[in-house]
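Remember, predicted model here, so these are calculated numbers, not experimental data. Keep in mind that the numbers below use all heavy atoms, side chains included, and drop hydrogens, waters and symmetry copies.
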2 protein chains.
Amino acid sequence: MTTRWLTPEEQRAWRAYIAASHLLEDAIDRQLQQEAGMPHVYYSILANLSEAPDRRLRMTDLAERTKITRSRLTYAVTRLEKDGAVRREGCPSDKRGSTAVLTDEGMTLLERTAPGHVDTVRAALFDRLTPEQVGQLEEICASVARGLEGDDTQAPPDDVPWLRRSPGPCT
Amino acid sequence: MTTRWLTPEEQRAWRAYIAASHLLEDAIDRQLQQEAGMPHVYYSILANLSEAPDRRLRMTDLAERTKITRSRLTYAVTRLEKDGAVRREGCPSDKRGSTAVLTDEGMTLLERTAPGHVDTVRAALFDRLTPEQVGQLEEICASVARGLEGDDTQAPPDDVPWLRRSPGPCT
DNA sequence: TAAGTTTGCTTCAAACTTGAACCAAGCGCG
DNA sequence: CGCGCTTGGTTCAAGTTTGAAGCAAACTTA
């Protein structure tokens with residue numbers, strides 16, 4: 001089968017996407033590096049931990065939520081541990097396992113820096129979109145993510161209690 | 001002013017976006033690393049050169065188009081030069097300047113690997129979206145990019161002759 | 001025309017990411 | 001049990017990215 005090239009519309013969308021995602025990640029990384037002294041991924045790790053029950057998560061679980069590789073996570077957690085934002089604990093039930101725990105210090109850091117981060121995300125993204133566009137973006141991204149995640153068919157969990165409370169440093 | 005947190009809709013959109021963009025970049029990077037032996041950014045550099053008149057672009061210009069920093073580009077071009085895909089040429093009119101030129105070898109590499117790349121982009125993204133969604137995605141991303149680019153007000157150039165011909169390794 | 005500034009690009013060290021290799025610890029089963 | 005296989009995590013070397021600093025050519029202006 002000969003290649004189905006991108007249509008002009010698709011090309012425009014693709015180029016726009018590449019540009020936007022680079023610019024957005026750069027802006028967010030810069031801002032967080034300034035205010036929190038860490039790149040966006042690291043911040044996300046803390047944010048994910050802060051939402052987990054008991055502020056703790058197994059490494060693999062955390063890697064899946066943040067969509068990063070386990071080895072990347074190992075490195076990141078080691079760094080965050082040095083910073084005092086995270087602590088590692090062994091898993092009693094499975095001695096291979098290791099659990100990352102958000103420390104109080106980490107939580108404080110998160111609370112201190114969340115407002116600035118949200119402001120940045122707002123300024124760069126949401127304040128520029130109509131409510132319909134926000135919905136469209138979610139649809140599109142969810143669809144793509146579903147396609148790229150291992151199992152294309154599993155529905156997302158729609159009742160995660162500790163995710164229900166709305167405001168928080170959850171970005 | 002107290003922080004305007006993200007609304008639940010915005011949070012969902014943001015999470016979906018983070019997930020999708022990570023997964024997408026990873027998938028594309030993996031595929032291109034396999035087939036072309038280089039990450040996506042490097043491929044984009046080649047693709048951008050291939051579309052430029054005479055297949056050559058000043059470093060700064062190239063950096064702007066690909067949305068990466070100049071130092072990142074310097075590193076990348078050095079590597080691509082070692083691979084033989086790109087050649088550097090001094091700029092006669094401005095002796096500080098340096099121009100990256102896509103070699104025939106680079107062009108061949110691009111032509112050989114473009115189909116696989118497009119397939120990946122299609123499978124991961126466009127084949128999962130309706131035509132309306134493609135349009136929405138473009139709108140959204142263009143809006144975000146406009147906001148993050150230096151000048152918020154300048155219209156995008158809508159007649160770039162060497163961009164008009166549609167199919168090609170332009171991703 | 002000689003400072004002083006800006007622009008174009010590179011360099012450097014430190015931080016980060018990648019993927020493959022590795023090491024236990026759990027698991028399945030003859 | 002005890003042998004293989006899988007799973008959870010880490011490690012290592014090689015590659016990449018970052019941001020600040022550096023360098024030289026071009027511009028500006030007194």
Under 4.0 Å between a Lys/Arg side-chain N and an Asp/Glu carboxylate O for [X] and [Y]?
{"X": "A/R79", "Y": "A/E81", "result": "no"}
{"X": "B/R4", "Y": "A/D127", "result": "yes"}
{"X": "B/R15", "Y": "A/E138", "result": "no"}
{"X": "B/E149", "Y": "B/R65", "result": "no"}

* Once Watson-Crick and G-U wobble pairs under 3.5 Å are found, how is DNA chain D written in dot-bracket notation, 5' to 3', with | for any base paired to another strand? -> ||||||||||||||||||||||||||||||
Quick check on [N]: is either OP1 or OP2 less than 4.0 Å from any side-chain nitrogen or oxygen of [X]?
{"X": "B/R88", "N": "C/dT10", "value": "yes"}
{"X": "B/R79", "N": "D/dT16", "value": "yes"}
{"X": "B/R58", "N": "C/dC9", "value": "yes"}
{"X": "B/S71", "N": "C/dT11", "value": "no"}

* Taking for each residue the nucleotide of DNA chain D with the nearest heavy atom, is it A/D29 or B/P39 whose nucleotide lies nearer the 5' end? ->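 Nearest nucleotide further toward 5': that of B/P39.
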* DNA chain D: B/S93 or A/Y75, which has the more 5' nearest nucleotide? ->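 Closest to the 5' end, via its nearest nucleotide, is A/Y75.
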Side chain of [X], heavy atoms from C-beta onward: which of [options] has the nearest atom to it?
{"X": "B/T74", "options": "C/dT11, C/dT18, D/dG9", "result": "C/dT11"}
{"X": "A/S98", "options": "D/dT18, D/dG9, C/dT17", "result": "D/dG9"}
{"X": "B/T69", "options": "D/dT18, D/dT17, C/dT10", "result": "D/dT18"}
{"X": "A/T60", "options": "C/dG8, C/dG26, D/dG9", "result": "D/dG9"}

Nearest-Å distance for atom pair [atom1]/[atom2], residues [X] and [N]:
{"X": "A/E64", "N": "D/dG9", "atom1": "CD", "atom2": "P", "result": "10 Å"}
{"X": "A/Q34", "N": "D/dG19", "atom1": "CD", "atom2": "P", "result": "9 Å"}
{"X": "B/K82", "N": "D/dA14", "atom1": "NZ", "atom2": "P", "result": "14 Å"}
{"X": "A/I68", "N": "D/dG9", "atom1": "CD1", "atom2": "P", "result": "13 Å"}
{"X": "A/D83", "N": "C/dA15", "atom1": "CG", "atom2": "P", "result": "11 Å"}
{"X": "B/M59", "N": "D/dC23", "atom1": "CE", "atom2": "P", "result": "20 Å"}
{"X": "B/L57", "N": "C/dG8", "atom1": "CG", "atom2": "C1'", "result": "14 Å"}
{"X": "B/K95", "N": "D/dC27", "atom1": "NZ", "atom2": "P", "result": "12 Å"}

* Starting at the 5' end of DNA chain C, which residue's closest nucleotide do you reach first, B/R30 or A/M38? ->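 This one resolves to A/M38.
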* Asked: So B/Y17 and A/Y17, would you call those rings parallel, tilted or perpendicular, with 30° and 60° as cut-offs?
  ->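 Rings of B/Y17 and A/Y17: perpendicular, as their planes differ by over 60°.
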* Asked: With under 30° as parallel and over 60° as perpendicular, where do the rings of B/Y43 and B/H117 fit, or are they tilted in between?
  ->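 B/Y43 vs B/H117 ring planes: tilted.
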* Asked: Yes or no on salt bridge (Lys or Arg N to Asp or Glu O under 4.0 Å) for A/R87 and A/E89, after CA distance, side-chain angles and deciding distance?
  -> CA-CA 7 Å; A/R87 178 167 26 93; A/E89 276 181 22; 2.3 Å; yes
* Asked: Should B/R122 and A/E10 be marked as a salt bridge (Lys or Arg N to Asp or Glu O under 4.0 Å) after you check the CA-CA gap, both sets of side-chain angles, and the distance that decides it?
  -> CA-CA 9 Å; B/R122 258 199 181 300; A/E10 287 169 338; 2.9 Å; yes
* Taking N and O atoms by type only, does the side chain of A/R96 place a donor or acceptor under 3.5 Å from a partner on the base of D/dT7? ->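 Checked by distance alone, the answer is yes.
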